[in-house]
K.L.:
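Let me give you the structure first, and then I'll get to my questions.
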Amino acid sequence: MSATTRFCPSPTGLVHVGVLRTALFNWAHARHTGGTFVFRIEDTDAARDSEESYRHLLDCLRWLGLDWDEGPEVGGPHGPYRQSERHDIYREVAAKLLEARHAYESFSTPEEVEARRLAAGQDPKLGYDNADRDTTEAEKQAFRDAGRQPVLRLRMPDEDLSWTDLVRGEVRFAAGSVPDFVLVRGNGVPLYPFTNPVDDALMRVTDVLRGEDLLSSTPRQIALYRALTDIGVAQGTPRFGHLPLVMGEGSKKLSKRDPQSNFDVYRERGFLPEGLINYLALLGWSIADDRDVFSPQEMVEAFDVTRVSANPARFDLKKAEAINATHLRALPVEEFVDRVVPFLAGAGLVAEPPTAEQDRVLRAIAPLAQERMVVLSEAVNLLRFLFVDEVEIEAAAAEKQLAGESAVQVLDAATTALGELDGWSTAAIEAALKAALVDGLGLKPRLAFGPVRVAVSGRTVSPPLYESIELLGRERTLARLAAARGVAAG
RNA sequence: GCCCCCAUCGUCUAGCGGUCCAGGACGCCGCCCUUUCAAGGCGGUAGCACGGGUUCGAACCCCGUUGGGGGCACCA
């Protein structure tokens, strides 16, 4: 049965990984059922919303490949898709609710409510006390004359509210445990608990998948849905599925302030969209008991909300990286090159697009680099030596490999061997170096090649040595050996 | 405080009454391969929170306890 799901973030500040996990599950559910994925922006809080954040949200979804059927820049039959452009709709629905007596005007101030609770010997945390349900017209007029503006509240039904949650099963809240809540502020601005169900109803959303942090507001939404159905705005109540929270280090909800929650850092570090999707999917869902690497397409085929776990999930960077590394290694070489170029270009190492020579080198080194990287940004340090004239030798690398007494010997022997070499090929280079260093100097391979690697790449970690030397060419190789010898000799 | 959710290796999970002295993945620890670092291969470490039921039989069902989490706005 095809489902209509939606993703409805508010454009405030940074994009949280948990928010995108929610987007992913909604998208996967819609796609799996051959349904519709709606993207709506909930910008009803002018004080916190920003245009920049709005643009960024669209960019994140597009980057991940979560395409929407209805929403900003795409349109659809139920637009507009930004709540800031839907105020007339809310005003109209609010009036109908008031007229049908599902909602009523409430003049109590928060201070008055608290005072009443205290006077009754009750905890003020109980919230609003439904005291204004039966305010008479005369009383209302008196308040108005005194300059007070009422909020609009929904009259909650006097019965238990329950639903069958898509991920948790039966959930029930006792009658009377949820007070009448505010739909529209005194100044006429509609609130989230009102606009969200109204839009879902109007956009014909059938399945609402959202974070568990919204679980306790579901009874209110269900009550609102009944009222909306009664006045003909909704066609019934959607199904709800409350997804497990994404936790940070320790055991608290991954905060928006936590740097680990910022989606941008993963993108900037060079995570692959498919790698991140794969890992995010694992936060509450699994494709099979013996497999956890899969493509977005495979996820769509297999996704079943009903099998989502109800347990909170901790975000594990190590695992995210491992999953991403697997996707990175599985990339066709040309694809890998395409994705790595923006990072190299960003560091000023290659042109964008690369020159013919840069392209040749990249294609040659790519398969060797690919299997020793976890994220794309690592290519910058791993491959820098191939795209510069002179390398800067890392201090730690120099200390480790060029400080020993054999380093000068090794570099001299390598210089001689490579300087006289006929035919600059990987095989010839390997044979020459082994003959000169391992056989000639009688050194263990580990000792023999360490200084050469540092001389050539500037680092202790690099792509395979002989191939790297071949790509570097004789001239630059000999120059680097000479430069390193200077360092080694002190 | 009140309401609600959750409970299998350190972490993410498989398990939907017997096929589980609990499977996979990440991490961690060995070994192999090896020109560094990785990758890869092989092996290992580690878990059903506790107590009662129900049942011939419980990781799976029920109740309770404990523990963890979330929510209690004229924010979203």
Side-chain angles (χ1 to χ4, degrees), chain A residues 8-12 42-45 47-49 83 106 108-110 122-128 149-153 165 167-168 171-174 177-179 181-193 195-196 211-219 242 244-245 247 251-253 279 282-293 307 309-323 325-326 329 368-374 378 382 397 400-401 430 433-434 437-438 444-454 457 459-466 468:
Chain A
C8 50
S10 60
T12 56
E42 308 219 324
D43 51 352
T44 53
D45 185 357
R48 295 197 302 160
D49 299 328
Q83 292 191 327
S106 168
S108 293
T109 64
Q122 296 167 334
D123 186 344
K125 287 233 167 175
L126 258 23
Y128 177 65
Q149 294 196 303
V151 297
L152 194 66
R153 289 185 188 272
D165 196 275
V167 344
R168 283 151 219 276
V171 179
R172 172 176 299 272
F173 284 72
S177 63
V178 185
F181 64 102
V182 177
L183 264 19
V184 182
R185 277 177 174 159
N187 62 7
V189 176
L191 262 15
Y192 159 82
T195 59
N196 177 276
E212 191 200 333
D213 50 340
L214 293 168
L215 183 73
S216 53
S217 74
T218 305
H242 290 89
L245 254 19
M247 317 290 277
S251 54
K252 51 256 168 217
K253 177 176 158 186
Y279 180 66
L282 258 17
L283 258 23
W285 183 73
S286 65
I287 194 166
D289 62 359
D290 61 349
R291 182 161 80 111
D292 60 10
V293 174
R307 290 177 41 82
S309 162
N311 305 17
R314 222 177 295 310
F315 191 95
D316 181 349
L317 182 60
K318 283 279 183 46
K319 179 140 185 178
E321 289 176 339
I323 295 286
T326 306
R329 273 176 251 120
L368 306 172
Q370 196 172 355
E371 66 185 22
R372 60 202 70 208
M373 284 168 44
V374 167
E378 289 173 320
L382 189 65
K400 187 173 176 191
Q401 296 291 358
E430 174 174 3
L433 285 179
K434 278 186 172 164
L437 306 181
V438 180
K444 281 188 162 59
R446 194 169 56 81
L447 258 44
F449 296 105
V452 179
R453 177 181 305 281
V454 170
S457 72
R459 312 174 73 224
T460 55
V461 178
S462 81
L465 187 57
Y466 315 130
S468 296

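Chain identifiers are assigned alphabetically (A, B, ...) following the order of the sequence lines, protein sequences preceding nucleic acid strands; residue numbering begins at 1 within each chain.
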K.L.:
Rounding to a whole Å, what distance do you find between A/Arg291:CZ and B/C26:C1'?
P.N.:
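Interatomic distance, CZ of A/Arg291 to C1' of B/C26: 17 Å.
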K.L.:
Just to be sure I understand the rule, does A/Tyr466 reach a base, reach only the sugar-phosphate, or reach nothing, if contact means heavy atoms closer than 4.0 Å?
P.N.:
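Answer is base: heavy atoms of A/Tyr466 come under 4.0 Å of a base.
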K.L.:
Would a distance-only check, ignoring hydrogens and angles, find a side-chain to backbone donor-acceptor pair under 3.5 Å from A/Thr326 to A/Ala322?
P.N.:
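Looks like yes, one N/O pair under 3.5 Å.
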K.L.:
May I ask which nucleotide in the shown strands pairs with B/C2, Watson-Crick or G-U wobble, both distances under 3.5 Å?
P.N.:
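Partner of B/C2: B/G71.
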K.L.:
If you go through the side-chain atoms of A/Arg446, does one of them form a donor-acceptor pair with the base of B/U36 closer than 3.5 Å?
P.N.:
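Under the 3.5 Å cut-off, the side chain and the base do not form any donor-acceptor pair.
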K.L.:
Quick one: A/Arg459 CZ to B/U35 C1', roughly how many Å, whole number?
P.N.:
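Result: 17 Å.
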K.L.:
Quick check for you: among B/C6, B/U35, B/C5, whose closest atom lies nearest to any side-chain atom of A/Pro445?
P.N.:
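Nearest listed nucleotide: B/U35.
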K.L.:
What's the CG-P distance between A/Asp316 and B/C26, to the nearest Å?
P.N.:
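Answer to the nearest Å: 11 Å.
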K.L.:
How many Å lie between CG on A/Asn311 and C1' on B/C6, as a whole number?
P.N.:
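Nearest whole value for this atom pair: 6 Å.
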K.L.:
Rounded to whole angstroms, how far apart are CG on A/Leu282 and C1' on B/A14?
P.N.:
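In whole Å, B/A14 C1' lies 12 Å from A/Leu282 CG.
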K.L.:
Taking B/A25 as the reference, what is the distance to B/G64 when you measure between their C1' atoms (whole Å, please)?
P.N.:
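To the nearest whole Å, 35 Å.
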K.L.:
Could you tell me if the side chain of A/Lys444 sits less than 4.5 Å from the side chain of A/Phe449, heavy atoms only?
P.N.:
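Not touching, per the 4.5 Å side-chain cut-off.
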K.L.:
Is it true that a side-chain atom of A/Thr218 and a backbone atom of A/Leu215 form a donor plus acceptor pair closer than 3.5 Å?
P.N.:
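Here the side-chain-to-backbone pair exists.
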K.L.:
Does some side-chain heavy atom of A/Asp316 sit less than 4.5 Å from a side-chain heavy atom of A/Arg314?
P.N.:
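A side-chain contact is absent here, since even the closest heavy-atom pair is not under 4.5 Å.
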K.L.:
For A/Asp165 and B/G70, give me the distance from atom CG to atom P, rounded to whole Å.
P.N.:
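The answer, rounded to whole Å, is 18 Å.
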K.L.:
Check whether any side-chain N or O of A/Asp43 sits under 3.5 Å from a backbone N or O of A/Gln83 as a donor-acceptor pair, and report yes or no.
P.N.:
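Yes, A/Asp43 side chain to A/Gln83 backbone: donor-acceptor pair under 3.5 Å.
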K.L.:
For B/U54, give its Watson-Crick or G-U wobble partner with both distances under 3.5 Å, or none.
P.N.:
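Its partner: none found.
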K.L.:
Would you mind pulling out the nucleotide paired to B/A49, Watson-Crick or G-U wobble, both distances under 3.5 Å?
P.N.:
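Base-paired to B/U65.
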K.L.:
Listing time: all N or O pairs from protein to nucleotides 71-76 of chain B that are below 3.5 Å?
P.N.:
residue: B/G71; atom: OP1; partner: A/Lys253; partner atom: NZ; Å: 3.3
residue: B/G71; atom: O2'; partner: A/Ser216; partner atom: OG; Å: 2.6
residue: B/C74; atom: O2; partner: A/Gly186; partner atom: N; Å: 3.2
residue: B/C75; atom: OP1; partner: A/Arg185; partner atom: NE; Å: 3.0
residue: B/C75; atom: OP1; partner: A/Arg185; partner atom: NH2; Å: 2.7
residue: B/C75; atom: OP2; partner: A/Arg185; partner atom: NE; Å: 2.6
residue: B/C75; atom: OP2; partner: A/Arg185; partner atom: NH2; Å: 2.8
residue: B/C75; atom: O5'; partner: A/Arg185; partner atom: NH2; Å: 3.4
residue: B/C75; atom: O2'; partner: A/Asp45; partner atom: OD2; Å: 2.7
residue: B/C75; atom: O2'; partner: A/Arg48; partner atom: NH2; Å: 3.2
residue: B/C75; atom: O2; partner: A/Arg48; partner atom: NH2; Å: 3.4
residue: B/A76; atom: OP1; partner: A/Thr44; partner atom: OG1; Å: 3.0
residue: B/A76; atom: OP2; partner: A/Tyr192; partner atom: N; Å: 3.0
residue: B/A76; atom: O3'; partner: A/Glu42; partner atom: O; Å: 3.3
residue: B/A76; atom: O2'; partner: A/Ser10; partner atom: OG; Å: 2.9

K.L.:
Taking atom types as they are modelled, is there a donor-acceptor pair under 3.5 Å from the base of B/C12 to the side chain of A/Arg314?
P.N.:
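Answer is no: no donor-acceptor pair is held.
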K.L.:
Any donor and acceptor pair, going by atom type alone, linking the side chain of A/Asn196 with main-chain N or O of A/Tyr192 inside 3.5 Å?
P.N.:
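No.
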K.L.:
Is the shortest side-chain heavy-atom distance between A/Val184 and A/Val189 below 4.5 Å?
P.N.:
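No - every pair of side-chain heavy atoms lies 4.5 Å or more apart.
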K.L.:
Think A/Lys318 has a side-chain N or O under 4.0 angstrom from the OP1 or OP2 of B/U11?
P.N.:
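No.
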K.L.:
Under 3.5 Å for both donor-acceptor distances, Watson-Crick or wobble: does B/A25 have a partner, and if so which one?
P.N.:
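Paired with B/U11.
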K.L.:
Test the A/Arg153-A/Phe181 pair against the cation-pi criterion, namely NZ or CZ under 6.0 angstrom from the six-membered ring centroid and within 45° of the ring axis.
P.N.:
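A/Arg153 over A/Phe181 ring: no.
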K.L.:
If you assign A/Arg307 and A/Phe449 each to the RNA chain B nucleotide with the nearest heavy atom, which residue ends up on the more 5' nucleotide?
P.N.:
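With A/Arg307 and A/Phe449 compared, the 5'-side residue is A/Arg307.
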K.L.:
Using atom C1' of each nucleotide, how far apart are B/U66 and B/A73 to the nearest Å?
P.N.:
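After rounding to an integer number of Å, I get 32 Å for this pair.
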K.L.:
With the side chain counted from C-beta on, respond yes when A/Ile287 and A/Leu282 share a heavy-atom pair under 4.5 Å apart, and no when they do not.
P.N.:
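No. Closest side-chain heavy atoms not under 4.5 Å.
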K.L.:
Looking only at atom C1', what distance separates B/C61 and B/G15, rounded to whole Å?
P.N.:
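Straight-line distance between the two C1' atoms is 15 Å.
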K.L.:
Determine the Euclidean distance between corresponding C1' atoms of B/C28 and B/G47; express it in Å to zero decimal places.
P.N.:
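My reading of the C1' atoms in B/G47 and B/C28 gives 16 Å.
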K.L.:
With RNA chain B as reference, determine whether A/Leu245 or A/Arg453 sits nearer its 5' end, using the nearest nucleotide of each.
P.N.:
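Taking each residue's closest nucleotide, the earlier one in sequence belongs to A/Arg453.
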K.L.:
Between B/C33 and B/C12, how many Å separate the two P atoms, rounded to a whole number?
P.N.:
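It comes out at 37 Å once rounded to the nearest Å.
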K.L.:
Mind checking if A/Arg168 touches a base, just sugar-phosphate, or nothing, with heavy atoms under 4.0 Å?
P.N.:
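Answer is sugar-phosphate: A/Arg168 comes under 4.0 Å of backbone atoms only.
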K.L.:
To the nearest Å, give me how far apart CD (A/Glu371) and P (B/U34) are.
P.N.:
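So the two atoms are 15 Å apart, to the nearest Å.
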K.L.:
Counting only Watson-Crick or G-U wobble pairs whose two distances fall under 3.5 Å, which nucleotide matches B/C60?
P.N.:
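Across all strands, not a single nucleotide pairs with B/C60.
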K.L.:
With rounding to the closest Å, how many angstrom separate the P atoms on B/U13 and B/U8?
P.N.:
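Rounded to whole Å, the distance is 9 Å.
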K.L.:
Could you tell me if the side chain of A/Asn311 sits less than 4.5 Å from the side chain of A/Pro244, heavy atoms only?
P.N.:
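SC-SC contact between A/Pro244 and A/Asn311 ruled out.
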K.L.:
Taking the side chain as every heavy atom from C-beta outward, state whether A/Asp292 and A/Ile323 have any atom pair closer than 4.5 Å.
P.N.:
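Yes. Closest side-chain heavy atoms under 4.5 Å.
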K.L.:
With a non-hydrogen cut-off below 4.0 angstrom, is A/Gly284 in contact with a base, only sugar-phosphate, or nothing?
P.N.:
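Sugar-phosphate contact only.
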K.L.:
What is the distance from CZ of A/Arg372 to P of B/C37, rounded to the nearest Å?
P.N.:
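Value for this atom pair: 11 Å.
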K.L.:
Atom pairs, N/O to N/O, protein against nucleotides 40-50 of chain B, distance under 3.5 Å?
P.N.:
residue: B/G40; atom: OP1; partner: A/Arg329; partner atom: NH1; Å: 3.2

K.L.:
Between B/G23 and B/C48, how far is it from one C1' atom to the other, in whole Å?
P.N.:
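Roughly 13 Å separates the two C1' atoms.
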K.L.:
Between A/Arg168 and A/His242, is there a donor-acceptor pair closer than 3.5 Å when you use the side chain of the first and the backbone of the second?
P.N.:
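Yes: the side chain of A/Arg168 pairs with the backbone of A/His242.
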K.L.:
Can you check the distance between B/G67 and B/G44, where both ends of the measurement are the P atom (answer in whole Å)?
P.N.:
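Pairwise P distance, B/G67 against B/G44, rounds to 38 Å.
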